[in-house]
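This chain uses plain numbering: 1 for the first residue, then up along the sequence.
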Amino acid sequence: MPLSTPGPRALRQTAGALGALALLALGAAPASADDPATGLVLGALAPVDGVKPGAEIQVPATFTNTGGAALGKVWMSYSVTRGLSHTAIPSNCLRYEVSSFDEAPSSSDLVCAFDQQIEPGVVYAPERPATLKALDHALHDELRVSVAAYDPAPTDGAADPVRGTGPAVKLVERPDEKPAAPGSARHDGWDAADVPVTTDNTADFQVTGARLRGRVGDTVDVQLKFTNAGPGWVLRASDGPATHVLVKMPAGTTVTKADVLSLIHLLLFLLYSDCISLCSPYH
């Protein structure tokens with residue numbers, strides 16, 4: 001699915017103690033300025049629907065630094081599934097094409113770096129919102145937006161990044177928008193939101209069967225073909241298969257042998273593929 005969920009990086013500390021007094025002093029020491037609680041919080045993002053294939057979508061993402069100290073740099077990222085693409089990529093952004101791995105679908109990830117002072121208690125947004133395009137095969141897609149105090153570039157399955165060629169974009173203050181409350185951050189150093197994007201499109205599940213002839217007692221082979229004739233692709237939900245396959249045999253017949261390898265391959269395809277080309281054959 002889309003961008004790996006950002007999280008706080010592991011902090012390694014090595015401390016030597018010469019006695020109980022030294023240990024107590026270490027435990028009571030306040031957090032250093034090098035390890036601030038950043039408390040980044042994204043503004044609300046509504047689901048997007050009614051999109052037409054070929055249309056552009058603006059992503060009005062905002063965020064607040066709810067921590068107690070200013071930040072010198074932040075990153076914003078936008079990860080989309082295969083029915084969407086990034087457009088007009090600024091030069092301070094890198095685009096990563098990420099192949100599917102484990103149960104995550106393939107994605108296109110845009111990571112933008114903003115090397116500027118981010119004051120606490122202020123709402124910020126890119127001066128030009130990120131834009132996406134709904135492709136011809138878009139249907140039900142997902143957009144994941146994140147803000148982080150560190151580079152959240154993807155690693156697993158990611159190809160070498162491509163830098164944008166458009167004018168660099170910077171963050172601007174949004175004084176008319178209400179900042180997130182201090183202490184409302186759910187994570188230290190990052191926040192993320194998943195946004196469903198629905199395009200006015202269809203997916204056409206089809207099956208090709210076979211007409212067979214035989215005498216009583218004969219054994220015949222049958223091959224079935226399942227296709228999604230599109231144009232929309234089908235995104236598998238993270239908690240289950242994209243579809244189920246049901247094969248009903250004609251009355252008076254029995255299955256004498258099933259191609260187990262083909263059935264296993266079909267099952268794995270339905271469970272883990274991010275682009276379905278098979279579908280339920282019968283109802």
Can you check whether Ser106's main-chain N or O pairs, donor with acceptor, with Ser99's side chain at less than 3.5 Å? no

Backbone of Arg82 reached by a side-chain donor or acceptor of His137 within 3.5 Å: yes

I want to check something: taking the side chain as every heavy atom from C-beta on, are [X] and [Y] in contact at a cut-off of under 4.5 Å?
X: Ile118; Y: Tyr124; result: yes
X: Val222; Y: Leu212; result: yes
X: Leu143; Y: Val59; result: yes
X: Arg128; Y: Pro167; result: yes
X: Met76; Y: Phe114; result: yes
X: Lys73; Y: Tyr150; result: no

With sequence neighbours excluded, give me every side-chain hydrogen bond (donor to acceptor under 3.5 Å, both in side chains) pair touching residues 43-63. Lys52-Asp200

Drop me the distance from [X]'s [atom1] to [Y]'s [atom2], to the nearest 0.5 angstrom.
X: Ile89; Y: Arg163; atom1: CD1; atom2: CZ; answer: 11.0 Å
X: Leu171; Y: Glu127; atom1: CG; atom2: CD; answer: 8.5 Å
X: Trp75; Y: Asn92; atom1: CH2; atom2: CG; answer: 12.0 Å
X: Leu132; Y: Ser108; atom1: CG; atom2: OG; answer: 9.0 Å
X: Leu71; Y: Gln117; atom1: CG; atom2: CD; answer: 8.0 Å
X: Thr81; Y: Arg144; atom1: OG1; atom2: CZ; answer: 13.0 Å

Heavy-atom pair of closest approach, residues [X] and [Y]:
X: Ala158; Y: Tyr96; answer: CB-CD2, 4.4 Å
X: Ser79; Y: Asp109; answer: OG-OD1, 2.7 Å
X: Pro90; Y: Val169; answer: CG-CG1, 3.8 Å
X: Ala180; Y: Thr64; answer: N-OG1, 3.2 Å
X: Ala61; Y: Ala125; answer: O-CB, 3.5 Å
X: Arg95; Y: His86; answer: CD-CD2, 4.3 Å

Given Leu235, Val98, Asp141, the one that forms side chain to side chain contact (heavy atoms under 4.5 Å, CB included) with Pro105: Leu235

Any donor-acceptor N or O pair under 3.5 Å, side chains [X], [Y]:
X: Ser77; Y: Ser146; answer: yes
X: Asn201; Y: Thr199; answer: no
X: Thr256; Y: Thr219; answer: no

Enclosure of Asp160 CG (heavy-atom neighbours >12, cutoff 6.0 Å): no

Is Gln223 atom CD crowded by more than 12 heavy atoms from other residues, nucleotides or ligands, each under 6.0 Å away? no

Carefully, step by step, assess Val234 and Phe205 under the rule side chain to side chain contact (heavy atoms under 4.5 Å, CB included). CA-CA 10 Å; Val234 177; Phe205 283 3; 3.7 Å; yes

With side chain to side chain contact (heavy atoms under 4.5 Å, CB included) as the criterion, how do Thr66 and Leu40 come out once you've worked through the C-alpha distance, each side chain's angles and the decisive distance to 0.1 Å? CA-CA 6 Å; Thr66 66; Leu40 291 168; over 6 Å; no

Check against side chain to side chain contact (heavy atoms under 4.5 Å, CB included), Val51 and Thr198: CA-CA 6 Å; Val51 180; Thr198 305; over 6 Å; no

Is there a path of hydrophobic side-chain contacts, each under 4.5 Å between heavy atoms of I, L, V, M, F, W or Y residues, that connects [X] with [Y]?
X: Val145; Y: Val74; answer: yes
X: Val48; Y: Leu135; answer: no
X: Val80; Y: Leu110; answer: yes
X: Val122; Y: Val41; answer: no
X: Leu42; Y: Val123; answer: no

Check step by step if side chain to side chain contact (heavy atoms under 4.5 Å, CB included) holds for Asp151 and Val111. CA-CA 8 Å; Asp151 187 354; Val111 180; 3.7 Å; yes

Gln206 and Asp204: CA distance, side-chain angles, deciding distance, side chain to side chain donor-acceptor pair (under 3.5 Å) verdict: CA-CA 6 Å; Gln206 298 179 353; Asp204 185 6; 2.7 Å; yes

Do the side chains of Asp191 and Arg186 get close enough for a salt bridge, i.e. N-O under 4.0 angstrom? yes

